[in-house]
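Notes follow the structure.
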Amino acid sequence: MVLELKKLSTGYENKTISQDLSLLIPQGKITALIGANGCGKSTLLKTICRINKPLGGDVLLDGKSIYQWEPRQLAKQVAILPQNPVAPNELRVRELVAYGRSPHQSAFFSRMSKEDRDIVAWALRETDIEDLADKAIGRLSGGQRQRAWIAMAIAQHTPILFLDEPTSFLDVAHQMDVLHLIRKMNQDYGKTIVMVIHDLNEAARFADYILAMKKGQILYEGHPEDVFHKAMLFDVFGIDAELLQDPRTGRPMCIPYSLRYMDKERGESTI
Amino acid sequence: MAASNKFYLWSLGLFLFLVVLFFLSISTGILDISFFKVLYILLGQGTEGERLTIFDFRLVRALLAIFIGMGLALAGTVFQTLSHNELASPSLLGINAGAGLAIILSIYLLPLTWSLPIWGLPIVAIIGALMTASGIFYLAYGREHALSARRLILTGISVAAGIHAIELLLIVRLDPSQFHQVNTWIIGTISGNTWIHVWLLGPIVFLGGLFLYANYMDLNILSLADETAVGLGLSLLSKRVIYLITATVIAASCVAIGGSIAFVGLLCPHIARRMVGPNHKYVLLLSALLGGSLVLGADFIARTVIVPDELLVGLIVSLIGAPYFLYVLVESRG
């Protein structure tokens, strides 16, 4: 499944955010979309996912505009985990995960097939929430709830998975859980993953490809080792940074410094 | 216990309850007829008078009570799901208001000599309700959010308020007999209907309910956030419109025949969800059974407490409904 943006313009009725974006999403890779608040990365993700209408241009999946795909067929190819997903509090985890199977079922009188049930069980197992399957969503902790939503998204069994800030509001241990789970989906099942993520070091460590956005435009794109440098961090986020190498993974990482409050922090800026 | 087991227990229990209530209802009245005699009459025996009482009065009334209750409960379930709001109900979408205004207008404008046929009032009410509901959908339709829940609720409330004001203006200009007609309708009553009404309402409620049940998965997904629903391959706008229209037609037909019986559409989905959780595979049927039982039970009480007079059924439903909601509020506070 090849996903391609063709001169895509995003935004709202009277406010263009991105103009003429063209890019190819690397297949079978984890792509991280980074950028400052309000730079248009969530809007871009929503537009690629058909949640927002594009102002111009197109998104092509296997050469065909996603607006020409029949919605349910598209949902078998692309799954989305929105930023703040909401479900009725009393809904059981297993039922929520089963909703992920709906694009694969008949539209009328949907019934769970043996295959559907197996995939739901698999999704619960992969996300390690089997013991929570009969609990109500409203009773889960933040980390458990996020895993339940990921289970629903992977039960959709799509080659492409979009995640909008999957680690926000989670403590650091749960962030690691979720990111390793995402990597597992990529490595074991070859899923193409695109995620909006705020933590730069997590992006550099878990992504194979980085898209760095500013004011609606992609300023840098490439492998973390190639684009994760001082100039990028300055251009995209307006920060000064020290760059290090993660001693375990070898990936680049940064310690950010504010330019505005530089004198409050001892040491010299290198810019 | 799994939701499905709870569902089978509750639905079986409620179904039996409804059947008992049904026979109780058609065998009680000014003319008491024993249960076995009722069966006997239903099979075509008994005197002319008994058959008339059972078939043309009590059976019509009991069936209509059940259909009205089921329809309002089904519509309420759909409105609550689509608006993501447990306090939504048919009246929220201006359906009662629209039907009411149409009825008042028809009583006010038409000359007394020009009386409508027996099925005329329901048709007028359905048209009024549909017009109001489509007006509200149109106003609530935003360019960026396909019929967002919040816009729908806010528009519904303001349009209904406006219509009620117009109704009030018209009501004060009615003469006493016209006023009585309107007032009876507003509080809600199931008496004075015929088999024509049963044949009008029954298929609408049955087919509408079946259609909603066939699409229970869509309704489940619509109860999630918009982004998730889109991600699962749902065309938000067209689906919302389809289910809103279905629910509006069902509710409008019920309101047209039974008057504006409040609380059924609010109460029954609420209780059904407490019984089996939010899955529409279970909620729709339970909500319908609860609605049928509630209105039939209320009608039974309305007919029997002050024999030979009777109360209006809407009054009884409100007497049951209001305390339940206060109870829910008090409970959720702690």
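Naming: A, B, ... by sequence-line order, numbering from 1 per chain. The model shown is predicted, which means the values in this text are computed figures rather than measured ones.
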ask   = Most heavy-atom pairs under 4.5 angstrom with chain B, which of A:Val86, A:Asp164, A:Ile80?
value = A:Val86
ask   = If you count heavy-atom pairs under 4.5 Å between each of A:Ala87, A:Ser102, A:Ala79 and chain B, which one has the most?
value =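 Top option by heavy-atom pairs under 4.5 Å: A:Ser102.
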query = Below 4.0 angstrom, N of the basic side chain to O of the carboxylate: do A:Asp20 and A:Lys6 qualify?
reply =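 No salt bridge links A:Asp20 with A:Lys6.
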ask   = Of the listed residues (B:Ala214, B:Ala229, B:Gly231, B:Ala225), which shares the most heavy-atom pairs with chain A below a 4.5 Å separation?
value = B:Ala214
note = Most heavy-atom pairs under 4.5 Å with chain A, out of B:Asp218, B:Leu224, B:Leu234, belong to B:Leu224
query = Aromatic rings B:Tyr324 and B:His270: how do their planes relate, parallel, tilted or perpendicular, breaks at 30° and 60°?
reply =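 B:Tyr324 and B:His270: perpendicular rings.
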message = Pair B:Phe22, B:Leu63 - check side chain to side chain contact (heavy atoms under 4.5 Å, CB included), show working.
response = CA-CA 8 Å; B:Phe22 178 75; B:Leu63 285 174; 4.1 Å; yes
message = Between A:Trp122 and A:Tyr189, is the ring centroid distance below 6.0 Å?
response = yes
Taking atom [atom1] as the centre, does [X] end up with more than 12 heavy-atom neighbours from other residues, nucleotides or ligands that are less than 6.0 angstrom away?
X: A:Glu130; atom1: CD; result: yes
X: A:Lys29; atom1: NZ; result: no
X: A:Tyr67; atom1: OH; result: yes

For [X], which atoms come within 4.5 Å of any heavy atom of chain B: side chain, backbone, both, or neither?
X: A:Gln105; value: side chain
X: A:Lys76; value: neither
X: A:Leu96; value: side chain
X: A:Trp149; value: side chain
X: A:Ala136; value: neither
X: A:Leu91; value: both

